[in-house]
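Below: one structure, written as structure tokens.
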Protein chains: 2
Amino acid sequence: MARAVPETHAEILAAAGRRFAVTGYKGTSLQDIAREVGVSKATVLYHFANKEALLTELMAPGLAALVELDERIAGLGGGQAQRIAAEGFVDLAVRFRRQIALLRGEFPTLLRQPAFAHVQQISERLIAAFAGRSTHLAARVAALVVLAGIAETCGEFGDLGDDELRDALLGLVRRALVPPD
Amino acid sequence: MARAVPETHAEILAAAGRRFAVTGYKGTSLQDIAREVGVSKATVLYHFANKEALLTELMAPGLAALVELDERIAGLGGGQAQRIAAEGFVDLAVRFRRQIALLRGEFPTLLRQPAFAHVQQISERLIAAFAGRSTHLAARVAALVVLAGIAETCGEFGDLGDDELRDALLGLVRRALVPPD
DNA sequence: GACTACTCTGACCGATCGGTCAGGTTCTGA
DNA sequence: TCAGAACCTGACCGATCGGTCAGAGTAGTC
């Protein structure tokens with residue numbers, strides 16, 4: 001029975017986002033998603049080629065923004081790269097925190113998938129920028145911890161306003177990062 | 001065929017640790033672990049009651065240390081709680097970074113398992129201490145980001161000496177956390 | 001040699017996974 | 001009115017999962 005208004009595609013995507021956020025990508029089955037929407041598993045696979053397609057479509061907007069930030073940083077020197085990267089990443093984390101949340105805890109595993117191969121490289125360049133292009137241990141450690149910490153936790157603040165959260169994160173980043181030499 | 005020296009138990013545990021760290025808990029099958037050791041899957045389940053038992057035995061020393069830290073913090077006021085929690089947690093993260101690494105990305109999922117229920121509460125108390133018992137947004141955000149960031153990344157620094165890493169993390173924590181009111 | 005305890009295995013189990021497919025139902029436009 | 005596109009489904013597939021079990025090989029003990 002076809003639905004009166006076939007917005008099933010969007011409903012499936014939303015349900016997948018919710019489930020991934022709660023039980024993780026690997027921990028969520030197509031059956032789970034189908035049940036939440038109230039359709040059959042076959043319907044999920046009618047709208048999406050496979051499980052991975054759900055994830056990539058869910059992440060597309062955030063990834064596009066990340067690529068854009070990466071391009072904006074390329075070629076910048078230490079101080080400028082650090083400032084732009086910090087502000088840009090915080091803004092990105094705040095705007096896409098619901099999408100980031102659903103990857104929580106599966107970055108390492110998912111980044112290994114071919115579809116996300118370039119994200120690995122981008123995040124490495126972002127960390128370098130966070131460190132102000134410095135190779136000192138303190139700068140590198142601070143960069144990695146702050147970046148990973150934000151990525152991991154920003155989804156927790158779903159109840160906060162964008163501006164509030166952005167200010168708090170920016171303050172933290174400015175205190176935590178080591179100024180470039 | 002029984003082995004001349006039955007150190008299989010330890011070998012299985014070590015292999016499980018290595019596999020969990022690479023492919024995650026859910027992403028690692030008992031067959032994977034058995035293959036790495038060179039025994040049958042049944043042997044793995046002869047030495048360990050089930051898959052979860054592997055994880056809990058792997059985490060036991062780290063968890064015990066975490067409980068101890070939690071008890072040391074209980075009842076302390078803002079400033080002292082923050083200082084002890086920060087130093088204690090950094091020390092813990094450094095010492096157990098290989099064990100923590102193998103949980104990377106699966107904290108949220110695993111903490112939901114009954115066997116780790118108390119860890120959830122401990123980490124909440126730890127975050128409160130990191131925030132210096134303050135309820136201000138900036139303090140709470142900084143506490144959560146730094147704590148999660150360290151937990152998530154300390155496994156990356158397997159090649160560093162304990163003291164080097166401890167100093168870098170302590171410096172970061174002292175800069176990043178918001179002093180209590 | 002007989003007995004026992006320990007270690008290990010292949011064969012097997014039910015459940016669930018992602019994914020396929022043939023076919024039924026509804027909508028749409030000529 | 002009717003053909004075809006779009007949508008949806010139950011039944012099914014092979015693979016893999018965690019876990020069970022009966023029994024075989026080995027080492028020590030009497």
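Remember, it's a predicted structure, so these values are computed and weren't measured experimentally. Note on naming: letters A, B, ... go to the chains in the order of the sequence lines (proteins, then strands), and numbering restarts at 1 for each one.
- The side-chain contact (heavy atoms from CB on, under 4.5 Å) search around B:Phe157 returns A:Val141, A:Leu144, B:Thr153, B:Leu160, B:Leu165, not counting sequence neighbours.
- The distance between atom NE2 of B:His9 and atom C1' of C:dC8, rounded to the nearest whole Å, is 15 Å.
- Sequence neighbours left out, the pairs with a member in residues 36-45 of chain B that pass salt bridge (charged side-chain N to carboxylate O under 4.0 Å, His left out) are B:Arg18-B:Glu36, B:Arg19-B:Glu36.
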Under 4.0 Å protein heavy-atom contact, by nucleotide of nucleotides 15-21 of chain D - B base, S sugar-phosphate only: --SBBBB

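- For the ring pair (Phe, Tyr, Trp, His ring centres under 6.0 Å) test, residues two or more places apart in sequence or in another chain that qualify with A:Phe48 are A:His9.
- At the phosphate of D:dC7, OP1 or OP2 sits under 4.0 Å from a side-chain N or O atom of A:Tyr46.
- The salt bridge (charged side-chain N to carboxylate O under 4.0 Å, His left out) analysis of residues 124-148 of chain A, with sequence neighbours excluded, yields the pairs A:Asp70-A:Arg125.
- Judged as a salt bridge (charged side-chain N to carboxylate O under 4.0 Å, His left out), the pairs with a partner in residues 74-91 of chain B (not counting sequence neighbours) are, in order, B:Glu87-B:Arg174, B:Asp91-B:Arg95, B:Asp91-B:Arg166.
- Between B:His47 and C:dC8, a side-chain N or O to OP1/OP2 separation shorter than 4.0 Å is present.
- Listed pair A:Thr8 / D:dC8 meets the phosphate criterion, a side-chain N or O lying under 4.0 Å from OP1 or OP2.
- The side chain of A:Thr43 places no N or O atom within less than 4.0 Å of a non-bridging phosphate oxygen (OP1 or OP2) of D:dC8.
- Contact detail for A:Ala168 and B:Ala138: the closest heavy-atom pair is CB-CA, 4.4 Å.
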